[in-house]
Visitor: 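Okay, handing you the structure first.
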Amino acid sequence: MLKSKTFVKKTRSGGVMKIVREHYLRDDIWCGSEFCVECKQESPVLQKDACIESNLCSSTHYLIPDTNLVLHQLDILEDPLIRNVIILQTVLQEVRHRSAPVYKRMKDIIHDAEKHFYVFTNEHHRETFIEREQAESANDRNDRAIRVAAKWYSEHLKRAPQAEELQIVLLTNDRGNKEKADESGLVVYKCEEYIKSLTANPELVDRLALTSDDQNEITSSKILFPEHLPLSRIQAGIKSSTLLQGIFRASRDNYLEATVFVHGEGDESTEVLIQGLQNLNRAVYQDVVAVELLPRNQWVAPSSVVLQDEGPKDEDKEEESENMLKCEVSEAMLKPTGKVVGIIKRNWRPFCGMLFKSQIKEATRHLFTPADRRIPRIRIETRQAAALEGQRIMVAIDGWPKHSRYPNGHFVRNLGSAGDKETETEVLLLEHDVPHQAFSQAVLSFLPKMPWAITEEDMKKREDLRHLCVCSVDPPGCTDIDDTLHCQDLDNGNLEVGVHIADVSHFIRPGNALDQEAASRGTTVYLCERRIDMVPELLSSNLCSLRSNVERFAFSCIWEINHNAEILSTRFTKSVINSKASLTYAEAQMRIDDAHMNDDITKSLRGLNKLAKILKKRRIEGGALTLSSPEVRFHIDSETHDPIDLQTKELKETNSMVEEFMLLANISVAQKIYDEFSECALLRKHPAPPPSNYDILNKAAKSKDIVIHTDSAKALADSLDEAKVDGFTYFNTLLRILATRCMMQAVYFCSGMDSDFHHYGLASPIYTHFTSPIRRYSDIIVHRLLAVAIGADTTYPDLMDKHKQSTLCNNLNYRHKMAQYAQRASVAFHTQLFFKSRGNLNEDGFILFVRKNAIIVLIPKFGLEGTVFFESKDKANPRLTFDEEGPTLTVENHAFHMFDKVKVTISLDASKIQHQKIRMALIEPVIPGVSVAPPEDGPEAKKAKLDR
Amino acid sequence: MAGLELLSDQGYRVDGRKPSELRKVQARMGVFAQADGSAYIEQGNTKALAVVYGPHEVRGSRSRTLHDRAVINCQYSMATFSTAERKRRPHGDRKSSEMSLHLKQTFEAAVLTQLYPRSQIDIYVKILQSDGGNYSACVNAATLAVIDAGIPMRDYVCACSAGFVEDTPLADLCHAEESGGGTSLALALLPRGGQIALLQMDARLHQDHLDTLIEAAMTACKGLSDVLDSVVRQHLQEVSVLTRDLGVCFSASPCISVRKPPALYLL
């Protein structure tokens, strides 16, 4: 049957267009139930024994949720208990329009065979399609469509044998809809009613999202926040540029301050400063918001105060802290300041954190403190507060009404007890969105069958390089070896240098489940005591890993190089190699230095080392930057897995030797794949930072009367080399650490989608990642491109599609960023564990930044950064004078400058299990009433002092 | 807001069809009396009218005359009211000229032009309403009109478009699917021999997918040819009733030549 669908639509240019679409109605859409005999379906989804124990409907029943229920109570639907649900096409389409993340989750549930969710295409079914009536709103029409479909289901299944008991239950929270459904004789419940009736599973109630009805009771009627503007006015405002659209970024250090990053055209991106609760107006970190700029006379400067929300408190106190933000500053420091007037898109996800139990024992409403400090506290309702105390839990935000100080949310799941190593690792993986579940059977099924051996056929396609004296140099304990090197003399006096990379793309074929999983994970994540693999262990630590004395597949990049390290020719080939030795950096260094050793491996290493030095020199002359960031390594107790020692990573000559050749290989490959595929090569670029990024660095250098030139990478590199202060050897490293923070993130991109390829840090016109395919997915793609370029493999559709390539790049960039954050978080957590076992330590440190009420200190020995506060609640504050220009902070009579050497005592503040953190307190210079005595006087006394 | 979901997980397209299903086709032959042949076709909401004049002697410049076969002259146009927004220029723009050229190539491959040396066959097609697959509607209408004119052809020429969405080939695209991004391929087929008269695709498509896409388009063309065949047969029946079974000749030989019964002129 044919229906024509006619509707009018407003076009982008403002005109009104009539759109006519065909709409076919079918009679071959089946109901999907095991009961039904009429429908000719092959594998029904809805089960016969669809019973959830409930007070309301004791027999078997299928659930039909309406759109709002799916949007707001998805956590309930995701629960394994809820099964046999009919999702109507109307609902699914509405969800798709309203919220992409919910739609994505919904689709995941539908694909999960265990859940028995069936999608009924009611809009194309002859008996359930309805037309919109005169003067009926689109929403009303959809509600009616849902009721019609529910009605059809109950009548349809009544005819089926053995289905007398079966009920179709419509779930809706909409009062009007419920009444109408009642009238037409449907079984209909409100979501709360139904969930509360599930006698066997009371814990589900906690996962209910709070709906608007409940909110009134929770909060006082006093309106705290201004109303948000409706979307239509926001759009009009953005168009007429009275409003700005941007991404809301809460400050980590100050809960009353945030910036909104406004994406302008070209380089015109600006940041708008937002200060004060009223102006923040219920925006949450990462939301897309509309901001209105305040008049110029109300502009303020970003405050340097470190402020943390300490939980519920009186209004006047709040005002007090808001006043603290205000201070007299020079005109130049003022930043564009604005206020949030509306939310364009919420970017809420479930947050990990801990319950902050209400003081009243019987209370069911509690505050939840997220682990991420940029997220406000969330009010949740739970009956199991006692059980959840001291546990890490996940909570989702439901809404933030204008009369509530905190957003309302609901409990999602319990992760385990806080402070526990497993729980904390889980938390940091979840918080950084690192996929870490075990590989599924589908993924594992694409692994090669063991025992695996190289066949004749493989040998035919590959160059046999087993005779070469190849070796690998890696950090100790490395099991996923993806690069090996060799160097040998040629008859014509030149050298042949080869970089052999594990041929992962031979095992991971495009498009299969293994490939998709690797693409979605993007990278292997290295935590302090755990590695979250991108590919299953069989590949990462065995078949792909280029271990010594086994034959392995490799992708080789072989150069002919003369003794001046000039490349004469480059070739790429798939090969079979047999590594002669797996060395650590230290072992390799020893071989090079030991004059008695003269075997092939050592000779090869010496050749490589010599070339690497020339290459490095040339690269640095070309303007490549050597930056520094303190990295630490933990010595981990083999039994308890607790860190027992901490040391900063040491760099040996061999580190840079390996690095040099990897860079060379990456650049060669980048050029090759770009020449071959100018539209779809996957490359990596590092944009030059905008000049304003260098402000901190310049200011810092000026304080020591040193001028840093930042107009080009070369100038920066040179002035960093020259920046030295007598008797202060660590100064240069400190400057480099600061310079590192000025840099932009390097990103992957698809060559067809961008025109700027330059890698600023390496001063290379083109760059990509080729050398670590075991731990980076980008390298797998690059391998595939290169394999096609040399005719060793065939292309496949997605590889040649620049849009798909570019989406993939976005995911890889995101995963890499998150992996980095997760790594840092893991180091921070292990540092805490270390100090927990150590008690207090006195260490020397340097001031890295000076803030209005605190200094940030770097301890070179541990690569640890911490904040020393000069204010506290329980005692009189010292006299603080802050000078923005220096910047200096004068406490009583002592002025703190950047780079000043201080002595601090480090301890673990365990007073709050919510956020255990490293506390630093000043020992030297001694300022009465501010600094603490060295901790000989026993830990107890000191701890009291340290607590704020 | 997300764009249109062209193919749902349940395997339904925006308008409710399955990937390989065609739109509803309705056609009539002999809609105008003055022309030598004419036909009207509806493929879903795409409606096209085709009119054939000839074979007649070459008009205009004599230099175009071919000594061994007939010249085929095609003109494609779209009615100003055929699209959602009123079209400014109904014919003669770059797109229409290209389409005219494609039609010409298609019918040069199908019509037995060598039977009419030094003559000309005019095919005029007009899109009355456009909802995707304009080329295929034109070809199908023109085929019927040529048959109606009694000009012998090697076979029906059936055309159909096909697109590629989420690794699934979709047959007979509607406007929403054509403009929703992705590739679209137009194919004209002589169904009996399986020869391709014209194949046209502008977008990029990986070579691995090409075969499945062509396969889907060919299946769709064959489906269409069945429909067209039944239209022709029904038309003949109607005509033969009108002419009281006088002088109707119809052969189902590979070379179709449905001569217009002379008696028809008398009516």
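Residue numbers start from 1 in every chain, and the chains themselves are labelled A, B, ... in the order their sequence lines are given, proteins ahead of strands. Excluded from the calculations below are hydrogen atoms, water molecules and symmetry mates; all remaining heavy atoms, backbone and side chain alike, are included.
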Visitor: Hey, are the side chains of A/Val119 and B/Asp9 touching, using non-hydrogen atoms and a 4.5 Å cut-off?
Guide: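 Side-chain contact under 4.5 Å: no.
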
Visitor: For A/His111, is it the side chain, the backbone, both, or neither that has a heavy atom closer than 4.5 Å to a heavy atom of chain B?
Guide: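 Looking at A/His111, just its side chain touches chain B.
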
Visitor: If I measure from the heavy atoms of chain B, does A/Ser99 come under 4.5 Å with its side chain, its backbone, both, or neither?
Guide: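 No part of it gets close to chain B.
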
Visitor: At a 4.5 Å cut-off on heavy atoms, which part of A/Asp798 comes close to chain B: side chain, backbone, both, or neither?
Guide: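 For A/Asp798, neither part sits under 4.5 Å from chain B.
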
Visitor: Hey, is CZ on B/Arg28 packed in by over 12 heavy atoms from elsewhere, all under 6.0 Å?
Guide: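 For B/Arg28, atom CZ is not crowded (no more than 12 foreign heavy atoms under 6.0 Å).
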
Visitor: For atom NE2 of B/His175, decide whether the heavy atoms of other residues, nucleotides or ligands shown that lie under 6.0 angstrom number more than 12.
Guide: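 No, the 6.0 Å shell around NE2 holds no more than 12 heavy atoms from other groups.
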
Visitor: Run the salt-bridge test on B/Asp15 and A/Arg21 with the 4.0 Å N-O cut-off and return the result as yes or no.
Guide: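 Salt bridge absent between B/Asp15 and A/Arg21.
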
Visitor: State whether the side chain of A/Tyr24 and the backbone N or O of B/Lys24 hold a donor-acceptor pair below 3.5 Å, judged by distance alone.
Guide: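 A pair under 3.5 Å: yes.
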
Visitor: Heavy-atom distance under 4.5 Å between the side chains of B/Gln10 and A/Gln89, does that happen here?
Guide: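 No, their side chains stay 4.5 Å or more apart.
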
Visitor: Can you tell me how far the NE2 atom of A/His124 sits from the OG atom of B/Ser8, to the nearest 0.5 Å?
Guide: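 One finds 7.5 Å between NE2 of A/His124 and OG of B/Ser8.
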
Visitor: Would you mind checking which part of A/Ile29 comes under 4.5 Å of any heavy atom in chain B, side chain (CB onward), backbone (N, CA, C, O), both or neither?
Guide: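 It is both, since atoms from each part get that close.
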
Visitor: To the nearest 0.5 angstrom, please state how far the CD atom of A/Glu22 sits from the CZ atom of B/Arg23.
Guide: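 Taking CD in A/Glu22 and CZ in B/Arg23, the distance rounds to 6.0 Å.
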
Visitor: Strictly by modelled atom types, are A/Tyr796 and B/Gln207 linked by a side-chain donor-acceptor pair under 3.5 Å?
Guide: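 No.
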
Visitor: Got more than 12 heavy atoms from elsewhere within 6.0 Å of CD, A/Glu676?
Guide: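 Yes, because the 6.0 Å sphere around CD of A/Glu676 holds more than 12 heavy atoms from other groups.
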
Visitor: Is it true that B/Glu21 and A/Arg26 have a side-chain N and a carboxylate O under 4.0 angstrom from each other?
Guide: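 Salt bridge between B/Glu21 and A/Arg26, a charged N being under 4.0 Å from a carboxylate O: yes.
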
Visitor: Do other residues, nucleotides or ligands put more than 12 heavy atoms under 6.0 Å from B/Glu238 CD?
Guide: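 It does: B/Glu238 CD has more than 12 such atoms within range.
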
Visitor: Taking the side chain as everything from C-beta on, heavy atoms only, tell me whether A/Thr795 gets closer than 4.5 Å to B/His206.
Guide: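 Yes - at least one pair of side-chain heavy atoms lies under 4.5 Å apart.
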
Visitor: Look at A/Leu799, A/Ile110, A/Thr121 and state which one has the largest set of heavy-atom pairs under 4.5 Å with chain B.
Guide: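 Of the options given, most contacts go to A/Thr121.
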
